[in-house]
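Working notes for the structure below.
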Amino acid sequence: MDIRVTLDGRRPVDAALNDSPAARDFAALLPLTLDLEDFHDTERVADLPRKLDTSGAPEPTAAKVGDIAYYAPWGNLALFYQDGPAASADLLVLGHLDVSAAQLGQAKRITIEPTS
């Protein structure tokens with residue numbers, strides 16, 4: 001599923017969500033504009049308006065730079081600008097965006113919209 005992401009009001013970039021139940025549930029929340037905070041010098045995080053459906057989650061994988069993920073215990077969105085820690089069943093990768101790690105690491109606000 002294709003989405004459009006705008007970081008700090010800059011030019012939008014295309015991104016993609018996978019076909020997991022959590023990613024589909026996330027897509028149902030769009031459009032969203034969220035304020036981002038740094039977490040552990042690895043990811044930018046934001047609270048979502050509600051928790052996502054995590055049933056049928058795929059096997060855990062470690063997050064990579066550019067991954068859009070959901071941390072189930074806290075119900076937040078995470079954008080990784082550094083590779084994440086080891087795989088965890090609590091962290092579901094929802095998709096990926098192709099922007100530089102530096103741009104992600106400095107982002108303070110994100111707007112995510114469905115494409116047509």
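Sequence positions, counted from 1, serve as the residue numbers for this chain. Computed from heavy atoms alone, side chains included, the values below leave out hydrogens, waters and symmetry copies.
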Open item on the list: Hydrophobic clusters here meaning ILVMFWY residues chained together by side-chain heavy-atom distances under 4.5 Å, can you tell me if Leu48 and Ile3 are in one?
Closed with: yes

Can you list, pair by pair, the side-chain donor-acceptor contacts under 3.5 Å of residues 62-70, counting residues two or more places apart and other chains?
| unit_1 | atom_1 | unit_2 | atom_2 | d |
| --- | --- | --- | --- | --- |
| Asp67 | OD1 | His96 | ND1 | 2.9 |
| Asp67 | OD2 | Lys64 | N | 2.8 |
| Tyr70 | OH | Leu52 | N | 2.9 |

Task: Atom of Glu113, atom of Thr111 and distance for their closest heavy-atom approach - done: CG-CG2, 4.0 Å

Open item on the list: I'd like to know if Trp74 and Ile110 are part of one continuous hydrophobic network [Ile/Leu/Val/Met/Phe/Trp/Tyr, side-chain heavy atoms within less than 4.5 Å].
Closed with: no

Open item on the list: If I compare all heavy atoms of Asp53 with all of Asp25, which pair ends up nearest, and what's the gap?
Closed with: N-OD2, 2.7 Å

Open item on the list: Is any side-chain heavy atom of Asp8 closer than 4.5 Å to one of Gln106?
Closed with: no

Task: Least distance between heavy atoms, Met1 atom then Ala27 atom - done: SD-CB, 3.2 Å

TODO: Please name the pair of heavy atoms, one in Ser20 and one in Asn18, separated by the smallest distance, quoted to 0.1 Å.
DONE: OG-OD1, 2.8 Å

Task: Name of the residue among Leu34, Leu36, Leu77 meeting side chain to side chain contact (heavy atoms under 4.5 Å, CB included) with Arg44 - done: Leu36

Task: Heavy-atom side-chain proximity of Ile112 to Phe26 below 4.5 angstrom - done: yes

Open item on the list: If hydrophobic clusters are built by linking Ile, Leu, Val, Met, Phe, Trp and Tyr wherever their side-chain heavy atoms come under 4.5 Å apart, do Leu30 and Leu7 end up in the same one?
Closed with: yes

- [ ] State the CD-CG distance between Glu43 and Asn76, to the nearest 0.5 angstrom.
- [x] 7.5 Å

- [ ] Could you tell me whether Asp35 and Arg109 have a side-chain N and a carboxylate O separated by less than 4.0 Å?
- [x] yes

TODO: Consider only side-chain heavy atoms of I, L, V, M, F, W and Y, link residues closer than 4.5 Å, and tell whether Phe80 and Leu94 are in one cluster.
DONE: no

Open item on the list: Could you check whether any side-chain heavy atom of Pro49 comes within less than 4.5 Å of a side-chain heavy atom of Leu32, counting everything from C-beta outward?
Closed with: yes

Open item on the list: Minimum heavy-atom separation for Lys51 and Ala72, please, with both atom names.
Closed with: NZ-O, 3.4 Å

- [ ] Provide the closest heavy-atom pair for Asp14 versus Arg4 in the form atom of the first, atom of the second, distance.
- [x] OD1-NE, 4.0 Å

Open item on the list: Tell me whether Leu92 shares a hydrophobic cluster with Leu17, the cluster being built from Ile, Leu, Val, Met, Phe, Trp, Tyr side chains joined at under 4.5 Å.
Closed with: no

